[in-house]
Amino acid sequence: MPSLYMATSLADAVAALAARGPSAAPMAGATWIMRSGLRDEAHRPSYVALSQIAELSEVAVDADAVSIGACVTHARLASALADAPGGVPFDLQVLAQAAAGAANPQVRAVATVGGNLNAIGFAAADLVPALLCLDASVEIARPDGSESMKLDRFLAAREDLSPGSLVARIRVPRSAGSGRSWRSAHARLPLRVAGDYPAAIVSLAVALDEAGAIAEARVAVGAVENVARRWPELEARLTGGSPDPEAAAAAAKELRHGFTARDGVEAPGSYRLQVLPALVRRAMAALGTGR
Ligand SMILES: Cc1cc2nc3c(=O)[nH]c(=O)nc-3n(C[C@H](O)[C@H](O)[C@H](O)COP(=O)(O)OP(=O)(O)OC[C@H]3O[C@@H](n4cnc5c(N)ncnc54)[C@H](O)[C@@H]3O)c2cc1C
């Protein structure tokens with residue numbers, strides 16, 4: 001049986017993880033850890049539970065940024081965004097849709113943002129592409145202090161974090177004061193045969209200029225490769241054009257072969273590539289259907 005330590009503060013969790021060394025791991029909602037056996041992975045000998053740490057469950061939606069504690073659940077994130085005055089702001093639609101649409105209500109009630117970002121080997125995490133297209137940063141707490149890094153860098157480094165390190169918070173910058181108005185949307189194709197995990201995910205954020213043209217585009221793709229990533233070729237193609245779903249889908253069709261799509265029991269890589277243009281079309285068409 002693994003041992004479980006209930007940390008009472010962030011400092012306590014960091015110290016407990018550092019003292020237990022590399023074989024210990026944080027435990028948040030445990031929805032991924034619980035299923036280790038199904039993935040033929042052994043449990044760690046010890047876990048440090050984060051669920052009692054109040055500061056990790058805080059979420060603040062402000063004009064210049066959104067701050068999300070690592071233990072904020074998908075359900076809590078979706079409701080915090082929906083509770084913004086006037087409903088979910090246009091620029092944060094992608095995050096609200098990813099949080100509200102992932103998994104099922106039971107999983108969303110306990111699965112956390114930090115757990116979603118750290119479920120290594122899980123290619124279809126919905127929050128990862130959503131946060132990539134929002135240019136989010138991850139704050140990591142360590143025994144010797146804290147460090148902030150962009151999410152793409154974190155995804156490349158997460159398997160090598162030193163003992164005692166954990167994700168404390170995620171910061172999403174917003175467009176206040178930049179003079180640009182951002183809109184965003186999340187499109188996913190769930191597969192019943194895959195337990196409703198998405199076969200492919202497209203997260204899209206665009207800034208429109210005064211004439212309604214795309215001044216800047218950010219596109220992130222999840223579930224297609226082993227780890228979600230931005231799609232710079234499509235971003236460049238969309239920039240300067242109009243937010244036209246058909247033109248975006250045509251560009252995606254032409255550019256999709258830059259992905260090394262993974263084969264899985266639920267879907268071959270070729271299928272994931274095949275559905276990408278439709279997801280890009282759907283995301284572009286859904287821009288701005290909120291506030
Ligand atoms: C039936 C089912 C359907 C699902 N469908 C979807 C879906 O459609 N879309 C989707 O995105 N996800 C889906 N999931 C996956 C689910 O979202 C993840 O299991 C969940 O996000 C993990 O969060 P958790 O809090 O439960 O993490 P845990 O299981 O507690 O931890 C997961 C991993 O992250 C590490 N960890 C946790 N917190 C931290 C932290 N703060 N810092 C560093 N490391 C940390 C743990 O050590 C562990 O390695 C599904 C899961 C199930 C069971």
Side-chain angles (χ1 to χ4, degrees), residues 25 27-41 43 68 70-78 93-134 136 151-152 154-155 158-159 167 170 184-204 219-231 252 256 259-283 286:
M27 178 184 280
T31 60
W32 182 253
I33 290 172
M34 247 175 15
R35 297 188 147 213
S36 301
L38 298 176
R39 300 188 298 272
D40 287 330
E41 286 171 19
H43 275 119
I68 309 162
C71 287
V72 170
T73 64
H74 288 61
R76 168 89 181 93
L77 178 58
Q93 291 280 333
V94 64
L95 189 55
Q97 290 162 0
N104 57 49
Q106 290 75 21
V107 171
R108 289 197 294 271
V110 286
T112 66
V113 178
N116 204 242
L117 264 48
N118 284 283
I120 291 167
F122 180 44
D126 275 275
L127 293 177
V128 177
L131 289 166
L132 278 172
C133 91
L134 291 176
L151 178 55
D152 58 348
F154 170 76
L155 293 173
R158 63 186 171 172
E159 288 185 63
V167 172
I170 293 90
S184 67
H186 188 74
R188 63 201 295 276
L189 182 71
L191 278 188
R192 177 79 35 98
V193 63
D196 283 339
Y197 286 142
I201 305 170
V202 170
S203 296
L204 173 68
V219 188
V221 172
V224 172
E225 296 185 337
N226 289 333
V227 180
R229 69 166 171 91
R230 294 268 293 267
W231 192 352
R256 66 188 155 168
F259 285 94
T260 308
R262 68 190 172 98
D263 290 322
V265 282
E266 77 287 10
S270 55
Y271 180 71
R272 299 181 203 279
L273 290 183
Q274 195 185 322
V275 300
L276 271 183
L279 290 176
V280 169
R281 179 190 294 113
R282 207 201 297 165

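Keep in mind that what you see is a predicted model, and the values were worked out from it rather than measured.
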Spacing of CE belonging to Met27 relative to OG1 belonging to Thr112, to within rounding of 0.5 Å: 11.5 Å
Main-chain N/O of Ala223 paired with Arg262 side-chain donor or acceptor, under 3.5 Å: yes
Residue pair Val128 / Phe154, side-chain heavy-atom distance below 4.5 Å: no
Minimum-distance pair of heavy atoms, taken over all atoms of Arg256 and Gln274: NH1-CA, 3.3 Å
Lys/Arg cation over aromatic Phe259: Arg229, 6.0 Å, 45° cone: yes
Side-chain touch Tyr271/Leu189, heavy atoms, less than 4.5 angstrom: yes
Any donor-acceptor N/O pair, Arg158 side chain to Leu117 backbone, under 3.5 Å: yes
Spacing of Leu155 atom CG and Ile120 atom CD1 [to the nearest 0.5 Å]: 9.5 Å
Close side-chain approach of Val280 to Leu204, heavy-atom, < 4.5 Å: no
Taking every non-hydrogen atom, the tightest pair across Leu191 and Glu266: CD1-O, 3.6 Å
pair Leu95-Leu131: side-chain heavy atoms closer than 4.5 Å: yes
CD on Glu159 to CG on Asn118, rounded to 0.5 Å: 10.5 Å
Minimal non-hydrogen separation, Asp126 against Pro198, with atom names: OD2-CG, 3.8 Å
Closest non-hydrogen atom pair, Ala130 against His186: CB-ND1, 4.2 Å
Polar side-chain atom of Arg282 near backbone of Arg188 as donor-acceptor pair, under 3.5 Å: yes
Asp152 and Arg230 ion-paired at < 4.0 Å: no
Close side-chain approach of Trp32 and Arg39, heavy atoms under 4.5 Å: yes
Over all atoms of both residues, closest heavy-atom pair of Thr31 and Ala111: OG1-CB, 3.8 Å
Under 3.5 Å donor-acceptor, Gln97 side chain and Ala185 backbone: no
Flag side-chain contact, heavy atom, 4.5 Å: Leu132 against Ser203: no
Straight-line distance of Leu77 CG to Arg108 CZ, nearest 0.5 Å: 12.0 Å
Non-hydrogen atoms of Leu273 and Ala261 that approach each other most closely: CG-CB, 3.8 Å
